[in-house]
Amino acid sequence: MVTGGAGFIGSHLVERLVERGERVVVLDNFDPYYPEAAKRSNIERSLASGLVTLVTGDVRDAEALRAAITDHGVTRVVHLAARPGVRLSLEEPEPYLDINVSGTLNLLKACRDHGVRKVVFASSSSVYGGTSQPADEETTPCRPLSPYGASKVAGEALCSSFAASDGLDIVALRFFTVYGPRQRPDMAISRFTRMIAGGEEVPVYGDGTSQRDYTYVSDVIDGVVAAIDTPLRGYRVLNLGRGEPIVLRDLLNNLETEIGREARLRHLPEQPGDPRSTCADISRARAMLGYEPSVAAADGVRLYTQWYLEMNRDRIGSR
Ligand SMILES: NC(=O)c1ccc[n+]([C@@H]2O[C@H](COP(=O)([O-])OP(=O)(O)OC[C@H]3O[C@@H](n4cnc5c(N)ncnc54)[C@H](O)[C@@H]3O)[C@@H](O)[C@H]2O)c1
């Protein structure tokens, strides 16, 4: 079962599992954080395969989880359902506790009570806060800068406790800014692309030298699938990044080149909650999962913008 399977990362994972011929239950409540229509379209192709069962349900609803697990004989769960968004979490933290923490607790209880022994949990680089050095799972402390990051620390702690007390095998994967086709509309690469292509002003927070370890979605899916397949016992936490951060200015230049239009930048002060830099040390995921990201930033940005321009050909073409 993939919770949040209609979302950006979830829909790519479901596609990959379907390609492998697996039967998948998608549990998603089509949370209105961004339009339901986008999420429905994300999973359209997978649903047509006949291998996917869509359960419209909420991870906070114990009965919905019980039914989804027992009716379909679920044995492994990838838990991606969450309220994302660092900045929004500073303004309105409550849903982050409710969905990301209580929802994760509910999911872990359902797994324990209904015979699921293997769980993969979507955590985030946001647990670290900002780091000037590559973040390492063992030695870099978790000092989140936002309620979103804090909610992922809490989710990890719950995973650790259920692995210890109930014998679940749980891998928490700390994703580092994932991008690619179908990326969430609130994320930087999709917002910048939309604004540059539409000739709108692009707000740039800070002086453009902040950097992010952008990770192409197919690389992240390789890591998630390896975490499902690899028999790791107990609780593990692993970074899934690329390990090569991109400076914001360079990212904007890449996007301008691919879109064929200059960005009109508007510089604004740095935002609270936004780390200046994120970078993953991926040696543990390499060693334990054989994880090896292969999509370079320039190629990933090209793949993303090609997808975006194709999807919006009529709208952009008619300007
Ligand atoms: N995209 C990234 O760069 C990134 C980075 C770090 C961590 N993550 C984590 O990865 C996971 C997937 O992120 P995404 O970018 O694909 O986000 P997304 O919003 O596209 O996907 C999340 C999905 O979960 C569903 N959902 C939300 N609340 C739910 C609930 N209460 N019950 C059932 N379903 C619910 C949503 O409808 C959505 O389809 C999240 O846990 C996110 O925190 C993402």
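Just follow the structure's listing: the first ligand is 1, and inside any ligand the first atom is 1. Worth saying up front: this structure is predicted, and the values here are computed from it rather than measured. Because only heavy atoms are used, hydrogens play no part in the values below, and waters and symmetry mates are left out as well, while side chains stay in.
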Quiz item: When rounded to the nearest 0.5 angstrom, what is the spacing between OG in Ser146 and OH in Tyr96?
Solution: 8.5 Å
Quiz item: Charged N to carboxylate O below 4.0 Å: is that the case for Lys39 and Glu36?
Solution: no
Exercise. Step by step, work out the salt bridge (charged side-chain N to carboxylate O under 4.0 Å, His left out) result for Arg45 and Glu15.
Key: CA-CA 8 Å; Arg45 218 175 72 182; Glu15 250 168 40; 3.8 Å; yes
Practice problem: Keeping the roles fixed (side chain from Asp213, backbone from Thr278), state whether a donor-acceptor pair exists under 3.5 Å. | Solution: no
Exercise. Report yes or no: do Thr70 and His114 form a side-chain donor-acceptor pair below 3.5 Å?
Key: no
Practice problem: Would you check the N or O atoms of Ile9, main chain and side chain alike, for any that come under 3.5 Å of an N or O of ligand 1? | Solution: yes
Quiz item: Heavy-atom contacts under 4.0 Å between Thr177 and ligand 1: side chain, backbone, both, or neither?
Solution: backbone
Quiz item: Is it true that Gly57 lies under 4.0 Å from ligand 1, counting heavy atoms only?
Solution: yes
Exercise. Report the part of Tyr34 in contact with ligand 1, treating N, CA, C, O as backbone and CB onward as side chain, heavy atoms under 4.0 Å; options are side chain, backbone, both, neither.
Key: side chain
Quiz item: Just which atoms of ligand 1 are under 4.0 Å from any heavy atom in Leu80?
Solution: 11 (C), 12 (C), 40 (C), 41 (O)
Exercise. Report the part of Lys152 (side chain from C-beta onward, or backbone N, CA, C, O) that has a heavy atom under 4.0 Å from ligand 1; answer both or neither where that applies.
Key: side chain
Exercise. Give the residue, atom name and distance (to 0.1 Å) of the protein heavy atom nearest atom 23 (C) of ligand 1.
Key: Gly4 CA, 3.5 Å
Quiz item: atom 21 (O) of ligand 1: which protein heavy atom is closest, and how many Å away?
Solution: Gly7 CA, 3.4 Å
Quiz item: Among protein heavy atoms, which sits nearest to atom 37 (O) of ligand 1, and what does the distance come to when rounded to 0.1 Å?
Solution: Asp28 OD1, 2.6 Å
Quiz prompt | Flag, side chain of Arg194 to backbone of Pro185, donor-acceptor distance under 3.5 Å | solution = yes
Quiz item: Is any N or O atom of Phe8, backbone or side chain, closer than 3.5 Å to an N or O atom of ligand 1?
Solution: yes
Quiz item: Just wondering, more than 12 heavy atoms not from Glu201 lying within 6.0 Å of its CD?
Solution: yes
Quiz prompt | Close N or O approach (Phe176, ligand 1; < 3.5 Å) | solution = no
Exercise. Write out the residue and atom name of the closest protein heavy atom to atom 27 (C) of ligand 1, then the distance separating them to 0.1 Å.
Key: Ala82 O, 3.4 Å
Practice problem: Output yes when Asp229 and Arg20 qualify as a salt bridge under the 4.0 Å nitrogen-oxygen rule, no when they do not. | Solution: yes
Self-check item: Within reach of ligand 1, part of Arg174 (heavy-atom separation under 4.0 Å)
Solution: neither
Exercise. Give the residue, atom name and distance (to 0.1 Å) of the protein heavy atom nearest atom 35 (C) of ligand 1.
Key: Asn29 OD1, 3.0 Å
Quiz item: Are the side chain of Glu256 and the backbone N or O of Arg261 linked by a donor-acceptor pair below 3.5 Å?
Solution: no
Quiz item: In terms of hydrophobic clusters joined by side-chain contacts under 4.5 Å, are Val127 and Val101 together?
Solution: no
Quiz item: Rounded to the nearest 0.5 Å, how far does CZ of Arg266 lie from CD of Glu200?
Solution: 11.0 Å
Practice problem: Write out the residue and atom name of the closest protein heavy atom to atom 31 (N) of ligand 1, then the distance separating them to 0.1 Å. | Solution: Asp58 OD1, 3.0 Å
Quiz item: Between Arg182, Arg184, Lys39, which one has a non-hydrogen atom sitting closest to atom 1 (N) of ligand 1?
Solution: Arg184
Practice problem: Mark up the atoms of ligand 1 that fall under 4.0 Å of a heavy atom belonging to Ala6, in ascending order. | Solution: 39 (O)
Quiz item: Polar-atom distance check: Phe175 versus ligand 1, any N or O pair below 3.5 Å?
Solution: no
Quiz item: Does the distance from a Lys or Arg side-chain N to an Asp or Glu carboxylate O, for Arg236 and Glu137, drop under 4.0 Å?
Solution: no
Self-check item: Per-atom contacts, ligand 1 versus Phe30 - under 4.0 Å to a heavy atom
Solution: 37 (O)
Exercise. Mind checking whether Pro84 contacts ligand 1 via backbone (N, CA, C, O), side chain (CB onward), both or neither, at a 4.0 Å heavy-atom cut-off?
Key: side chain
Quiz item: If two hydrophobic side chains count as joined below 4.5 Å and joins carry through other members, does Leu232 share a cluster with Phe175?
Solution: yes
Quiz item: If hydrogens are left out, which of Ser125, Ala122, Ser123 has an atom nearest to atom 7 (C) of ligand 1, that is, the closest non-hydrogen atom?
Solution: Ser123
Quiz item: Which of these passes side-chain hydrogen bond (donor to acceptor under 3.5 Å, both in side chains) with Tyr128: Asp136, Asn239, Thr140?
Solution: Asn239
Quiz item: For atom 32 (N) of ligand 1, what's the nearest protein heavy atom and its distance?
Solution: Val59 N, 3.0 Å
Quiz prompt | Test of proximity, Met187 against ligand 1: N or O pairs below 3.5 Å | solution = no
Quiz item: Is ligand 1 under 4.0 Å from a heavy atom in the side chain of Arg60, in the backbone, in both, or in neither?
Solution: side chain
Quiz item: Does ligand 1 have an atom under 4.0 Å from some heavy atom of Thr3?
Solution: no
Quiz item: So with a 6.0 Å cut-off around CZ of Arg23, is the heavy-atom count from everything else above 12?
Solution: no
Quiz item: Do Ser218 and His12 have a side chain donor and acceptor closer than 3.5 Å?
Solution: no
Practice problem: Go through ligand 1 atom by atom and flag the ones less than 4.0 Å from a non-hydrogen atom of Tyr148. | Solution: 6 (C), 7 (C), 8 (N), 9 (C), 42 (C), 43 (O)
Quiz item: When you look for heavy atoms under 4.0 Å from ligand 1, do you find them on the side chain of Tyr33, its backbone, both, or neither?
Solution: neither
Exercise. Would you give the length of the straight line joining atom CG of Leu303 to atom CD of Glu258, rounded to the nearest 0.5 angstrom?
Key: 9.0 Å
Quiz item: Of all the non-hydrogen atoms in the protein, which one sits nearest to atom 3 (O) of ligand 1, and at what distance?
Solution: Val178 N, 2.7 Å
Quiz item: Hey, which atoms in ligand 1 end up nearer than 4.0 Å to a heavy atom of Ile99?
Solution: 28 (N), 31 (N)
